[in-house]
Amino acid sequence: MRVALAVLVTGLALMEVSGATEAPQAAQGRAATATNGTGEKGSVSTGPATELTPFANVPSGCTTPGVNVQPDVFPIMVGVMQSEDGKRWTVPAPVHDGPIAVDIYNNCTGPGDNPNYLSQLKTIVVDEDGVEITGYIHADNYFELYVNGKFVARDSIPMTPFNSSVVRFKAKYPMTYAIMGVDWETHEGVGMEYATYNIGDAGFIAYFSDGNGTHNDWRAETFYIAPLDNPNCVRTAGGRDSSFCSQSVRPTCAQKDPKTCKALHWPIPDTWTSARFDDSRWPRAIIWSAEEVTNQRAYTDYAKLFGDAEFIWTRNLHLDDLVLARFTAKGPRKK
């Protein structure tokens, strides 16, 4: 699948799907810190998720005629897994309902190109004494953006077809960007999509009008890895690393019986979007070329809007399905 970005805010109630229930990761995350994010083996689950619920306030299908969409994409679903240690996990991610980013391009619930996107922007005030910033984001498949701990915007389409987004906010330096990126799945809990049980790829790019954007000075860590034949292939010293597992070849379980595929989960720290959160033990983000992430016109037709920003993710573009990324800008980026 191709995924988009997302992030969690301090003090914002986690929404399991459509309403007020707290996501399972929230309770676990309250006890988590940046220092326990590495070296842990993670919780293992097997097979597909249960308790499937539609993502709140997401269209039930494309409204633009003639759009080619796989039949199991809509409705966009979120599910719950129980791991072997008895913990419960929202998959593919504990998403939030909230402000929706304006589309630059959206051929699912829009006409495609949106030349009026700037006039449709509303400024989200993070800090009254801040500076106004416009940001451009393209994610495979889903993102949530937080700035200085405040939820600024989420992607309008969590799965496919692909779109590109623009946001505007007012915040002060030092400015902490926190993005949650999700490689969505249509077989919730096993990290695969469509009737063919494909393994998707991921990645996102963000560029802001002060010159800051996604580069390898961002920190990025994965919190959900699937599908796996044997979770022991994931190494955890110095950050979670699933690059020793299958990268682009489907694991044996996907070929024989997807219900036997396993996944790894870690709790999301409750304050990970905060400027005070210590991400120093998270690995540096990995740079991926645009060609490795996407050939979709939602990005290629608008690549100039993204300046010198680069696509980032973790070490595994195919199996790391929920990635949190952070960067603190001390001021405008000097070129």
Side-chain angles (χ1 to χ4, degrees), residues 1-7 99-108 110 112-121 123-124 131-147 152-158 160-169 171 175-184 200-220 284-314 317 323-329 331-335:
M1 35 192 135
R2 296 193 177 268
V3 167
L5 288 187
V7 216
I100 299 173
V102 172
D103 288 308
I104 301 170
Y105 178 90
N106 177 349
N107 68 339
C108 178
D113 181 59
N114 176 21
N116 301 315
Y117 66 84
L118 288 176
S119 65
Q120 297 167 8
L121 286 171
T123 302
I124 301 295
V131 296
E132 191 169 84
I133 302 289
T134 300
Y136 301 90
I137 303 172
H138 176 76
D140 183 354
N141 301 100
Y142 173 81
F143 76 89
E144 289 177 13
L145 169 67
Y146 299 80
V147 178
V152 170
R154 68 167 175 85
D155 206 337
S156 65
I157 304 177
T160 58
F162 298 105
N163 61 314
S164 285
S165 308
V166 59
V167 299
R168 181 171 289 161
F169 55 88
M175 196 177 298
T176 297
Y177 296 105
I179 294 176
M180 180 168 82
V182 184
D183 184 17
W184 214 272
D201 53 7
F204 70 88
I205 186 171
Y207 181 75
F208 302 98
S209 57
D210 62 352
N212 286 293
T214 46
H215 299 281
N216 66 355
D217 49 2
W218 284 55
R219 300 278 182 173
R284 295 277 187 179
I286 302 299
I287 301 300
W288 297 86
S289 70
E291 292 75 19
E292 290 172 301
V293 175
T294 185
N295 60 358
Q296 299 292 317
R297 61 176 302 185
Y299 170 74
T300 58
D301 286 4
Y302 307 91
K304 290 183 179 180
L305 295 177
F306 294 88
D308 65 349
E310 300 168 283
F311 277 96
I312 64 170
W313 202 247
T314 47
L317 203 63
V323 168
L324 307 183
R326 289 172 44 94
F327 174 73
T328 297
R333 189 180 185 93
K334 296 180 181 179
K335 297 181 180 180

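From a predicted model like this one, the values you see are computed outputs, not experimental measurements. If you read the sequence from its start, that first residue is 1, and numbering goes on from there.
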If only atom types and distance count, is the side chain of [X] paired as donor or acceptor with the main-chain N or O of [Y] below 3.5 Å?
{"X": "N114", "Y": "D103", "value": "yes"}
{"X": "W288", "Y": "E310", "value": "no"}
{"X": "T214", "Y": "I312", "value": "no"}
{"X": "H138", "Y": "N163", "value": "yes"}
{"X": "T294", "Y": "Q296", "value": "yes"}

Aromatic ring proximity Y117/Y105, centre distance under 6.0 Å |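 For Y117 and Y105, the ring centres are not under 6.0 Å apart.
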Centroid separation F311 to Y299 less than 6.0 Å | yes
Contacts of R284 meeting salt bridge (Lys or Arg N to Asp or Glu O under 4.0 Å) (sequence neighbours excluded), chain-then-number -> none
Could you state the interatomic distance from [atom1] ([X]) to [atom2] ([Y]), rounded to the nearest 0.5 Å?
{"X": "I133", "Y": "D210", "atom1": "CD1", "atom2": "CG", "value": "4.0 Å"}
{"X": "F208", "Y": "Y136", "atom1": "CZ", "atom2": "OH", "value": "11.5 Å"}
{"X": "F306", "Y": "Y207", "atom1": "CZ", "atom2": "OH", "value": "11.5 Å"}
{"X": "I124", "Y": "E132", "atom1": "CD1", "atom2": "CD", "value": "11.0 Å"}
{"X": "I287", "Y": "W313", "atom1": "CD1", "atom2": "CH2", "value": "13.5 Å"}

What is the minimum heavy-atom distance between [X] and [Y], and which atoms define it?
{"X": "R297", "Y": "T300", "result": "CA-OG1, 3.1 Å"}
{"X": "S156", "Y": "A101", "result": "CB-O, 4.4 Å"}
{"X": "E292", "Y": "L317", "result": "O-CD2, 3.6 Å"}
{"X": "P161", "Y": "N107", "result": "CB-OD1, 3.5 Å"}

Check: [Y] and [X] side chains under 4.5 Å, non-hydrogen atoms:
{"X": "R326", "Y": "T176", "value": "yes"}
{"X": "D308", "Y": "H215", "value": "yes"}
{"X": "T314", "Y": "V323", "value": "yes"}
{"X": "V167", "Y": "T134", "value": "no"}
{"X": "I137", "Y": "I205", "value": "no"}
{"X": "N106", "Y": "I157", "value": "yes"}
{"X": "I100", "Y": "R154", "value": "yes"}

Sidechain N-carboxylate O distance under 4.0 Å for R333, D217 = yes
Short side-chain donor-acceptor distance under 3.5 Å, R168 and T123 |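 On atom types as modelled, these side chains do not qualify, holding no pair under 3.5 Å.
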